[in-house]
Student: 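There's a structure below that I have some questions on.
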Amino acid sequence: MPTHYTDPHLACDRCGATVPRPAPGQYEKYESLHDDGWRWRGNPAERPLRFVPQTYVVSCPDCPPVI
Ligand SMILES: [Zn+2]
């Protein structure tokens with residue numbers, strides 16, 4: 001299930017693995033998640049036009065990357 005942007009964890013949409021979400025602006029922590037193999041992107045099913053997506057699709061290091 002896509003992760004809502006207010007959720008305190010990122011959850012893999014394929015296997016359900018979770019990792020704590022860094023606070024907004026903690027770019028180094030997001031970078032280290034990325035280095036560990038986590039990937040996320042805006043949920044394409046939302047099709048936001050000019051709006052920031054409310055949910056994100058996430059993949060963990062063990063699953064095929066979403067991006
Ligand atoms: Zn996974």
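Counting starts at 1 for both ligands and their atoms, following the listed order. Position 1 is the first residue of the sequence, and the numbers go up from there.
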Student: Does R14, at its CZ atom, have more than 12 non-hydrogen atoms belonging to other residues, nucleotides or ligands within less than 6.0 Å?
Tutor: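 Count not over threshold, so no.
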Student: When rounded to the nearest 0.5 angstrom, what is the spacing between NE2 in H34 and OH in Y27?
Tutor: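 If we round to the nearest 0.5 Å, H34:NE2 and Y27:OH are 15.5 Å apart.
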Student: Where the side chain of H4 meets the backbone of T6, is there a donor-acceptor pair that is under 3.5 Å apart?
Tutor: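 Yes; judged by distance alone, with no hydrogens or angles, the pair exists.
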Student: Does Y30 form a side-chain contact (heavy atoms from CB on, under 4.5 Å) with W38? I'd like the steps, not just the answer.
Tutor: CA-CA 9 Å; Y30 278 106; W38 288 86; over 6 Å; no
Student: Suppose the cut-off is 2.8 Å; how many protein N/O/S atoms fall inside it around the Zn ion (ligand 1)?
Tutor: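 With waters ignored, the protein N/O/S count below 2.8 Å is 4.
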Student: Output a table of donor-acceptor pairs, distance under 3.5 Å, between side-chain atoms of residues 53-67 and any protein atom two or more places apart or on a different chain; print 'none' if there are none.
Tutor:
from : atom 1 : to  : atom 2 : distance (Å)
T55  : OG1    : N43 : ND2    : 3.1
T55  : OG1    : E46 : OE2    : 2.5
S59  : OG     : V66 : N      : 3.2

Student: State, yes or no, whether a side-chain contact exists between L10 and L33 at a heavy-atom distance under 4.5 Å.
Tutor: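 Sidechains of L33 and L10: in contact.
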